[in-house]
Amino acid sequence: MSGFDDVEANDDLAIIGHRLLAWYERHRRDLPWRHDQNPYAIWVAEIMLQQTRVETVIAYYQRFLQRFPTLEALAKAPLDDVLKAWEGLGYYARARNLHRAARWVVQEMNGRLPARSEDLSRLPGVGQYTASAIASIAFGQDAVALDGNLRRVLCRLFGIDDDPGRTNTQRRLTELAEAMLPSGQAGDFNQALMDLGAMICTPTTPQCLLCPLLGSCRSQQEGIQNELPIRATRGHRPHRDVTAGVIWDDNDHVLITRRPLDGLLGGLWEFPGGKRRPGEALPACLHREISEELAIQIQVGELLVTIEHVFTHFFMTLYAFDCRWLSGSPKCLGCLDLQWVTLDELDAYAFGVADQKIISFLRSDSPSHI
DNA sequence: AACGCGTGGTG
DNA sequence: TCACCAAGCGT
């Protein structure tokens, strides 16, 4: 335990909050989702921003709102369209949950998002942070939205060296932020702390001399701003070899399959294949996986391309082989759906980034089957 | 509480 | 496998 311990009065914290808001008025970032107060748009933005950089989100956000301008439009759309709009953004459960929640709101709530944080957090994909963010930004509720930025800024501001991932620490940080929060301005207050975290109080080499809270920052006074917040190191990431078959029939159609809705890349399409077992040769692995998942016979040809891909929790080397369908009608044993498609038709389906690289290869390097 | 869940950017 | 990170959530 260390740091802020009620030495300062709440008055001082309130003053810090106002100083922060004054800074925000002058320096706030001009971001697309800050242009209107439409709760649906704010919701979409907050889901996209989970664990994802602002610069990455902007283009997705604009395309998504163009494609699904209203909550009703999103609810009416097929999941495949939503996943296609999410393609490449990662954490695809966000798209599935957003879609499911939109349908629920239309059916059960007459298309109106709830305004209170505790009701918002009942929506799938909306946790404590997102519920507070929507409630404060879209509905003006006094709720602290404790995200990674706020944790970092508050740990430094109050010199807190407890693990910010722990529930107790988060409760403490939230209480401190609540004491700073100017009543009725939580939306701006939350976003001010986020902008401060993004522009000044950055993870590495914070720009303390530019900080509006310079005189109040405990960690800066002690010279330990670079040591906070403390952070657990990531564990070892295992490696997997994975095979994928680009399986052609006699009419220039290639076989693609759809992954189950739960788990990694759930609901996305892929070139069928799977994990290599210890000691197994790559072509043998592909034969086995195709036999298990689709119950067809194929001829495995040349290795087309090798792709290194990094997931959060493992490394993957993906080996894509040129294959030919020999016999058997494919059955969906390990997948949700399957399709024979031409190269041009692949555009209609959502793939993960590793499989998109296979597609790029097929289009650039003149395909061997021609 | 700890882990599974994506991707691209950065020093 | 360079490590680490970015507006977290569900189980």
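By convention in this document, chain letters (A, B, ...) are assigned in the order of the sequence lines, proteins followed by strands, and residues within each chain are numbered from 1.
- Nearer to the 5' terminus of DNA chain B, by closest-nucleotide assignment, is the contact made by A/Arg166 (compared with the other of A/Gln51 and A/Arg166).
- Using a 4.0 Å heavy-atom distance criterion, A/Gly352 is classed as a sugar-phosphate-only contact.
- For A/Thr52 against B/dG6, a side-chain-to-base donor-acceptor contact under 3.5 Å is present.
- Backbone-only engagement by A/Thr130 is indicated by non-hydrogen atom pairs under 4.0 Å involving sugar-phosphate atoms exclusively.
- Picking from C/dA7, C/dG10, B/dG6 the nucleotide with the shortest atom distance to the side chain of A/Tyr92 gives B/dG6.
- Using a 4.0 Å cut-off, some side-chain N or O of A/His309 falls inside it from OP1 or OP2 of B/dT7.
- B/dG11 and C/dA7 have their P atoms separated by 15 Å, with the value rounded to a whole Å.
- A side-chain hydrogen bond (donor to acceptor under 3.5 Å, both in side chains) with A/Thr317 holds for exactly one of A/His309, A/Arg276, A/Arg240, A/Glu308; it is A/Glu308.
- Among the nucleotides B/dC5, C/dT1, B/dT7, the one closest to any side-chain atom of A/His236 is C/dT1.
- Atoms CZ (A/Phe314) and P (B/dG6) sit 9 Å apart, rounded to a whole Å.
- In this structure, the ring of A/Phe351 has its center less than 6.0 angstrom from the ring center of A/Phe271.
- Rounded to whole Å, the distance from OH on A/Tyr60 to C1' on C/dA7 is 17 Å.
- Between A/His239 and C/dT1, a side-chain N or O to OP1/OP2 separation shorter than 4.0 Å is absent.
- Distance from the side chain of A/Thr233 is smallest to C/dC4 among C/dA7, C/dC4, B/dG8.
- Rounding to the nearest 0.5 Å places CH2 of A/Trp248 at 8.0 Å from CG of A/Asp322.
- A donor-acceptor contact closer than 3.5 angstrom is absent between the side chains of A/Trp325 and A/Asp250.
- At whole-Å resolution of the value, CD1 in A/Ile134 and C1' in C/dG8 are 12 Å apart.
- Atom-to-atom, CG of A/Leu49 to P of C/dG8 comes out at 8 Å; the value is rounded to the nearest Å.
- Judged by distance alone with a 3.5 Å cut-off, a donor-acceptor contact links the side chain of A/Thr312 to the base of B/dG6.
- Residue-level contact check: A/Gln128 touches the backbone only, with heavy atoms under 4.0 Å from sugar-phosphate atoms and none from bases.
- The nearest whole Å value for the distance from the CZ atom in A/Arg94 to the P atom in B/dT7 is 11 Å.
- The CG atom of A/Asn168 sits 12 Å away from the C1' atom of B/dA1 (whole-angstrom rounding).
- Inspection of the A/Tyr129 and A/Glu46 side chains reveals an N or O donor paired with an N or O acceptor under 3.5 Å.
- Checked against A/Leu173 for a side chain to side chain contact (heavy atoms under 4.5 Å, CB included), the options A/Ile160, A/Asp162, A/Val153 give a single hit: A/Ile160.
- Here C/dC5 presents its C1' atom at 17 Å from CG of A/Leu228, a figure rounded to the nearest Å.
- The line from CD1 of A/Ile247 to CD1 of A/Ile290 is 4.0 Å long, rounded to the nearest 0.5 Å.
- Only A/Arg29, A/Leu31, A/Trp33, A/Arg34, A/Glu46, listed by number, bring a heavy atom of residues 21-47 of chain A to less than 4.0 angstrom from any atom of DNA chain C.
- Taking every side-chain heavy atom of A/Arg53 into account, C/dC5 is the closest of B/dC5, C/dC4, C/dC5.
- At a threshold of 4.0 angstrom between heavy atoms, the contacts of A/Leu150 with the nucleic acid are absent.
- Comparing A/Thr167 and A/Tyr91 by the nucleotide of DNA chain B whose heavy atom lies nearest to each, the residue mapping closer to the 5' end is A/Thr167.
- Note on residues 286-308 of chain A: no pairs pass ring-ring contact (aromatic ring centres under 6.0 Å, His included), not counting sequence neighbours.
- For residues 13-34 of chain A, the pairs satisfying salt bridge (Lys or Arg N to Asp or Glu O under 4.0 Å) are A/Arg29-A/Asp195, A/Arg34-A/Asp195, with sequence neighbours left out.
- Heavy atoms of A/Gly165 sit nowhere under 4.0 angstrom from any nucleic acid atom.
- Taking atom CG on A/Asn149 and atom C1' on C/dG8, their separation rounds to 12 Å, with Å as the unit.
- Among the heavy atoms of the strands, none lies under 4.0 Å from A/Val57.
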